[in-house]
Amino acid sequence: MSDESQEQQQLDENKLIAERRRKLKELREAGQAFPNDFRRDSLAADLVALYQDYDAERLEQEAVPVRVAGRMMAKRVMGKASFVHIQDMSGRIQLFLRRDDLPEGVYQDFKGWDIGDIVGAEGVLMRTKTGELSVKCTQLRLLTKSLRPLPEKWHGISDQETRYRQRYVDLLVTEESRRTFILRSRIVQYIRTFLNARGFLEVETPMMHPIPGGATARPFQTHHNALDMPLYLRVAPELYLKRLVVGGFEKVYEINRNFRNEGVSTRHNPEFTMLEFYQAYADYHMLMDLTEELLRALAVEVVGSETISYQGETFDFGKPFTRVSVFDAILQHNPEITREELSDLESARRLCERLNIEIKDSYGLGKLQLEIFEKTTEHKLREPTFVIDYPVEVSPLARPKDDDPFLTDRFELMVGGREIANGFSELNDPEDQAERFRAQAREKAAGDEEAMHYDGDYIRALEYGLPPTAGEGIGIDRLVMLLTDSASIRDVLLFPAMRPEASKV
RNA sequence: GGGCCGUUAGCUCAAUGGUAGAGCAGUUGACUCUUAAUCAAUUGGUUCGGGGUUCGAGUCCCUGACGGCCCA
C-alpha cells in the first residue's frame with residue numbers, strides 16, 4: 001500500500017472512533033495505556049469444561065482463583081453490578097463485576113470501556129443464578145483499548161468483501177469462520193502425522209525456480225537483482241522432490257504454497273497449498289490405496305464420520321472409491337458418445353467441435369480425449385472416484401502403461417466433480433523424459449504458455465537413476481473446502497487474493 | 001473475458017422520482033444475577049466515484065471502481 005493510501009486509511013474516521021481516541025488519550029494521561037504485565041493462568045473454554053459439574057455451592061466453597069484475559073464481546077451494566085463476556089482463543093467466559101468487589105474507582109472506569117476492548121480479570125469462579133460459570137472479579141484491568149467498533153453483535157459481518165479483506169474482524173465475530181480455520185489447521189496436522197507415521201520425511205524445496213516445472217501452468221516471473229537473473233515462483237515442487245528420491249530420500253513430502261498466474265474464482269487462488277509426496281518402490285495403485293485410507297481417516301478425524309456433507313450433497317468416504325479410466329468414464333456418462341469416435345483423431349476433433357470445445361491443430365488424440373472428459377464428464381463424478389489411465393500426451397512426467405504406451409500409470413481423484421488429487425507412477429526413464437521435455441518445449445515455442453521448459457539438471461538427476469517411484473499431489477485448499485463444507489476457496493484461505501480496496505477519496 | 005446482482009450511519013438493513021429512516025453500537029441518566037438485559041433521552045449521512053436526464057435523483061440513464069454468483 002502506498003503512503004498516500006495509508007494516509008487515506010487514517011482518514012477513515014468517524015465520531016465513534018473519535019470518542020474512543022478521546023478515551024485512549026485519557027488512558028495515556030493516567031499512565032501506561034498499553035500495559036504488558038498481566039498474566040493469565042486459564043483459558044475460557046478450559047474453565048467451562050473443567051468445572052461443568054461444579055454447582056454454585058461447591059464453587060463457593062472451593063473459591064477457585066483464576067486469571068483470565070480476552071476481548072470484551074458483550075457488556076451488560078445494571079447499576080452497580082455488570083456482566084461481561086470476554087472471548088479468548090478457546091472461547092468465551094462471563095465475568096461478574098460488582099462495584100464493591102473491585103478496588104476503588106475500577107468499576108467507574110469500567111463503565112467507560114467499550115465492546116472490543118481487551119481486558120484482564122482476576123477473581124474466583126462462581127455460578128450465576130441462571131447456571132452460567134462466571135468469574136467473580138476482584139481485579140479488572142484494561143489491557144488494550146480498541147479504537148474501532150466491532151460489527152453489530154447479532155448479525156456480525158454479512159458482507160463477504162469485508163470478511164475477506166478484514167479477516168481479523170471476521171475471525172473475532174464469525175464463529176463459523178474460526179471453526180473453518182481451526183479445522184484447516186487440524187487437517188494439515190493430521191496429514192503430517194499420517195505421513196510421518198509411515199516413514200515419510202518432510203522437506204522444503206525452493207519456491208523460487210530458475211526453470212519453472214512440475215506442472216503445466218503459467219508461472220509468476222520475478223527477478224533477482226544481485227544475481228541479475230529471472231526467477232519463477234514455483235508452480236509445483238515435483239521435480240525437486242524427485243531429485244531428493246534420486247538422492248536416497250525414498251519417502252518425502254512437502255506441504256507448501258504453489259503459485260499459478262491464472263484466473264481467480266471460487267476454486268482458484270493464485271497461491272494455493274499443495275501436499276506432494278513421493279515413495280520409491282511403489283506404484284500408482286499403492287498411492288490410490290493410501291489416498292483412500294488417508295481421506296477416510298481424515299473424514300473421521302475432522303467431521304467425525306466417514307460420510308461428509310458438502311453443499312447439500314453427501315459423499316461417502318467409507319466405501320471403496322470407484323476406479324474408472326478416462327475413456328470409460330466418458331462413455332459411461334455420455335451415452336451419445338461412441339467408443340469409435342473417441343478412438344480416432346479426426347472423429348474426436350469433430351466431437352470437440354460439436355461440444356463447443358476450442359482446440360488447436362497441435363492437439364493429439366490424448367489431449368482431445370482429456371478436453372472431452374473435462375467438458376462432459378468431470379463435473380458428473382460426485383462420489384469419490386479415481387479416474388485412471390490418462391493419455392501420455394497430457395502427462396509429461398508420468399510413466400507409460402506397460403500394456404498401452406498411449407496411456408500412463410496415472411490417476412486423478414474426483415470428489416463432487418472436482419479434482420482433489422493427482423498421482424502417478426513416475427517416469428524414471430531419462431531418455432523418454434528428455435524426449436517429453438523436448439515435446440513440451442516445442443509446444444512452448446509454438447505459444448503455449450502453460451507448457452513446460454526443458455530442465456537439463458532434472459534429466460541429469462534421472463540419469464543417475466530414479467528408483468521406480470510413485471508420487472502424488474493433493475490440493476489442500478480444495479480438500480479443506482470439502483471437509484469444512486465451504487463453497488468458495490476464499491472461505492478456507494485466511495487472506496484470499498483480492499484487488500486493492502477502492503480508494504476512499 | 002461474458003452475463004446477472006450488489007455497494008445507503010461504525011455494523012445489520014429500510015426508504016412510489018418528492019424533507020434519507022430503524023435496530024444494534026455510541027453519548028447522558030436509572031438499575032447489585034444479566035444472557036441480543038431492560039427503561040428514558042439523544043448524537044450520527046460525500047446514499048461507492050464521475051457525468052447526465054429532471055422543477056426535483058439513494059431511486060432513472062451513461063461511465064468507472066470494488067465485490068458476490070453463474071458461465072468460459
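What you are looking at is a predicted structure, and each value in this text was computed from that prediction instead of being measured. All chains are named by letter (A, B, ...) in the order of the sequence lines, taking the proteins before the strands, and each is independently numbered beginning at 1. Only this structure's heavy atoms are used, side chains among them; waters, hydrogens and symmetry mates stay out.
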Out of B:A37, B:C69, B:U32, which nucleotide sits closest to the side chain of A:R99?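 Closest of the options to the side chain of A:R99: B:U32.
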
Indicate, with a heavy-atom threshold strictly under 4.0 Å, whether [X] touches base, sugar-phosphate, or nothing.
| X | value |
| --- | --- |
| A:M73 | nothing |
| A:E132 | base |
| A:V77 | base |

May I ask you to decide if the ring planes of A:F110 and A:Y107 are parallel, tilted or perpendicular, using 30° and 60° as cut-offs?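 Tilted, since the angle between the ring planes falls between 30° and 60°.
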
Should the ring pair A:Y232 and A:H453 be called parallel, tilted or perpendicular, given that the plane angle runs from 0 to 90° and is split at 30 and 60?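 The rings of A:Y232 and A:H453 sit tilted, inter-plane angle from 30° to 60°.
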
Counting C-beta onward and ignoring hydrogens, is there a side-chain heavy-atom pair between [X] and [Y] closer than 4.5 Å?
| X | Y | answer |
| --- | --- | --- |
| A:I182 | A:R179 | no |
| A:F386 | A:E412 | no |
| A:C352 | A:R349 | no |

Can you check the distance between [N] and [M], where both ends of the measurement are the [atom1] atom (answer in whole Å)?
| N | M | atom1 | result |
| --- | --- | --- | --- |
| B:G6 | B:U47 | C1' | 14 Å |
| B:U54 | B:U59 | P | 16 Å |
| B:A14 | B:A40 | P | 26 Å |
| B:G64 | B:A22 | P | 37 Å |
| B:G44 | B:G23 | P | 15 Å |
| B:U42 | B:G21 | C1' | 16 Å |
| B:C13 | B:G17 | P | 22 Å |
| B:U8 | B:A41 | C1' | 26 Å |

Can you confirm whether A:E57 is buried at CD, in the sense that more than 12 heavy atoms of other residues, nucleotides or ligands lie under 6.0 Å from that atom?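 Atom CD in A:E57 is not crowded, with 12 or fewer foreign heavy atoms closer than 6.0 Å.
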
How about A:E104: does its CD atom have over 12 heavy atoms from other parts shown lying under 6.0 Å from it?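 Open.
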
Let me confirm one number: the CG-OG1 distance from A:D477 to A:T273, rounded to the nearest 0.5 Å.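 The CG atom of A:D477 sits 4.5 Å away from the OG1 atom of A:T273.
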
Let's see if you get this right: which residues in residues 88-97 of chain A place a heavy atom under 4.0 Å from RNA chain B?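 Residues of residues 88-97 of chain A that come under 4.0 Å of RNA chain B are, in numerical order, A:Q94, A:F96.
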
Rounding to a whole Å, what distance do you find between [X]:[atom1] and [N]:[atom2]?
| X | N | atom1 | atom2 | answer |
| --- | --- | --- | --- | --- |
| A:R163 | B:U12 | CZ | C1' | 14 Å |
| A:K375 | B:C71 | NZ | P | 11 Å |
| A:E161 | B:C69 | CD | P | 12 Å |
| A:R165 | B:C48 | CZ | P | 16 Å |
| A:F83 | B:U34 | CZ | P | 6 Å |
| A:D159 | B:G10 | CG | P | 14 Å |
| A:E501 | B:G68 | CD | P | 13 Å |
| A:R22 | B:G44 | CZ | P | 17 Å |

Residues [X] and [Y]: side-chain donor-acceptor under 3.5 angstrom:
| X | Y | result |
| --- | --- | --- |
| A:N334 | A:T377 | yes |
| A:R382 | A:Y310 | no |
| A:S177 | A:D170 | yes |
| A:D46 | A:S42 | no |

Hey, does the Lys NZ or Arg CZ of A:R58 hover above the aromatic six-ring of A:Y54, less than 6.0 Å from the centre and inside 45° of the axis?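 Yes; both conditions hold, so A:R58 lies above the ring face of A:Y54.
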
Distance below 4.0 Å between [X] side-chain N/O and [N] OP1 or OP2:
| X | N | answer |
| --- | --- | --- |
| A:R499 | B:C66 | yes |
| A:R490 | B:G68 | yes |
| A:T266 | B:C69 | no |
| A:R76 | B:U34 | no |

Dot-bracket pairing map - RNA chain B, Watson-Crick plus G-U, both contacts under 3.5 Å, | cross-strand: (((((((..((((....[..)))).(((((.......))))).....(((((..]....)))))))))))).

With RNA chain B as reference, determine whether A:N356 or A:G156 sits nearer its 5' end, using the nearest nucleotide of each.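 Counting from the 5' end, the first nearest nucleotide belongs to A:G156.
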
Using heavy-atom distances to pick each residue's nearest nucleotide on RNA chain B, tell me which of A:P151 and A:G131 is more 5'.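 With A:G131 and A:P151 compared, the 5'-side residue is A:P151.
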
Measure all distances between protein nitrogen or oxygen atoms and nitrogen or oxygen atoms of nucleotides 23-26 of chain B, and list the pairs falling under 3.5 Å.
residue, atom, partner, partner atom, Å
B:C24, O3', A:K153, NZ, 3.2
B:A25, OP1, A:K153, NZ, 2.8

Which residue, A:K153, A:K75, A:R71, A:E132, forms the side-chain hydrogen bond (donor to acceptor under 3.5 Å, both in side chains) with A:H85?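 Considering A:K153, A:K75, A:R71, A:E132, a side-chain hydrogen bond (donor to acceptor under 3.5 Å, both in side chains) with A:H85 is found only for A:E132.
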
Got a donor-acceptor pair under 3.5 Å from the side chain of A:T128 to the base of B:U34?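 Looking at the base of B:U34, it does pair with a donor or acceptor on the side chain of A:T128 (distance under 3.5 Å).
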
